[in-house]
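What follows is one structure encoded as structure tokens, with my remarks underneath.
Lettering follows sequence order; numbering is per chain, from 1. Only a predicted model underlies this, so the values are computations on that prediction, with no experimental measurement involved.
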2 protein chains.
Amino acid sequence: MTPDRLDTIFSALADPTRRAILARLSLGTTSVTELAQPFDMSGPAITKHLKVLERAGLVIRSREAQWRPCSLDAKPLKEATDWLERYRQFWESSFDRLEDYLHEVQNNGEQDG
Amino acid sequence: MTPDRLDTIFSALADPTRRAILARLSLGTTSVTELAQPFDMSGPAITKHLKVLERAGLVIRSREAQWRPCSLDAKPLKEATDWLERYRQFWESSFDRLEDYLHEVQNNGEQDG
DNA sequence: GGTGTATTAAACTCACAAGTTAAATAACCA
DNA sequence: TGGTTATTTAACTTGTGAGTTTAATACACC
């Protein structure tokens, strides 16, 4: 079963190191070594994270001498956002009242989950 | 290392079965059995998916006789969206030109990643 | 109290994700 | 050619996620 694009995107985002890498890349293109700098982690580990981001389409690599600069490509984030938008009404509108009600019901039934 | 809230939310979303469950729940509260209906998957598998969604705060359970109805709580989706919003400029604005340029550079350096 | 239905728990398998270290590749510099 | 830096590959360990089957629990109905 080949994974859905959203699977790949969301699971790429489900890691704090990778989100930090994206945050750094939002400031501009940079090298693997500089990306690795803030993390207490080996080089190969960063390479693997970059591969995950690349497979999700979130990072583009180029070549410059012995460096392979990384750049952000945010398009897949739009796909993620588009999916999430369908639920906006559920956190914005009065649908929240349903949820409050359900919290009550739940607390009657049991103390903790 | 305890996982970040965004870790938990994004990884809950990184599975097609769980996204389908959320889609179903956006139509209204329902039982585990009915949630399991569309999937070629055992009951316990669905229970586990529900636990993942519950831990992410996306699903709230209540009790009604021998049923444990599930309801959507979309608040964590707002957290996810808020994080993504910081990148909106990168897919909306002329930043895309950078990306087009990089595609060219990349295709000069190598054929495929 | 026993039976049927809904759901979860336990125990297990299998695959894969995330990290490691050591070695290989690639490109520059002398 | 050899040395240095940047990055990746290979091989491995460890943990965990997703699924299974079988058995237990919880509740309704009679």
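- Residue A/H49 places no side-chain N or O under 4.0 Å from the OP1 or OP2 atom of C/dA17.
- When the C1' atom of C/dT5 is taken as reference, atom CD of B/E64 falls 15 Å away, rounded to whole Å.
- Between A/F39 atom CZ and C/dT20 atom C1' there is a gap of 18 Å when expressed in whole angstrom units.
- A/D40 has its CG atom 8 Å from the P atom of C/dT20, to the nearest Å.
- Residues A/L53 and A/V32 are members of one and the same hydrophobic cluster, defined by side-chain heavy-atom contacts under 4.5 angstrom among Ile, Leu, Val, Met, Phe, Trp and Tyr.
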Given the rule in the side chain to side chain contact (heavy atoms under 4.5 Å, CB included) test, do B/W83 and A/L22 qualify, once you have shown the distances and angles that lead to the verdict? CA-CA 11 Å; B/W83 184 86; A/L22 293 179; 4.1 Å; yes
Using a cut-off of under 3.5 Å, enumerate the N/O to N/O pairs linking the protein to nucleotides 7-9 of chain C.
{"unit_1": "C/dT7", "atom_1": "OP1", "unit_2": "B/V32", "atom_2": "N", "d": "3.2"}
{"unit_1": "C/dT7", "atom_1": "OP2", "unit_2": "B/T33", "atom_2": "N", "d": "2.7"}
{"unit_1": "C/dT7", "atom_1": "OP2", "unit_2": "B/T33", "atom_2": "OG1", "d": "2.1"}
{"unit_1": "C/dT8", "atom_1": "OP1", "unit_2": "B/R61", "atom_2": "NH1", "d": "3.0"}
{"unit_1": "C/dT8", "atom_1": "OP1", "unit_2": "B/R61", "atom_2": "NH2", "d": "3.0"}
{"unit_1": "C/dT8", "atom_1": "OP2", "unit_2": "B/T47", "atom_2": "OG1", "d": "3.0"}
{"unit_1": "C/dA9", "atom_1": "OP2", "unit_2": "B/K51", "atom_2": "NZ", "d": "2.9"}

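- For the pair A/L13 CG and C/dA18 P, the interatomic distance rounds to 12 Å; values are reported in whole Å.
- Pairing each heavy atom of B/C70 with each of B/R61, the nearest pair is SG-NE, 3.4 Å.
- Protein atom CG of B/L53 is 14 Å distant from nucleotide atom C1' of D/dG17, rounded to whole Å.
- Side chain of B/A65, nearest nucleotide from C/dC28, D/dA28, D/dG19: D/dA28.
- The NZ-P distance, from A/K48 to D/dT7, rounds to 18 Å in whole Å.
- Between B/M41 atom CE and D/dT21 atom C1' there is a gap of 16 Å when expressed in whole angstrom units.
- Here the closest non-hydrogen pair linking B/A14 and B/R19 is C-NH1, 3.8 Å.
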Run A/F39 and A/I21 through side chain to side chain contact (heavy atoms under 4.5 Å, CB included) and show every step you take. CA-CA 10 Å; A/F39 305 106; A/I21 287 175; 4.1 Å; yes
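- Remark: the backbone N or O of B/A23 is paired with a side-chain donor or acceptor of A/Y87 at under 3.5 angstrom.
- Going from atom CG of B/D15 over to atom C1' of C/dA15 covers 14 Å, rounded to whole Å.
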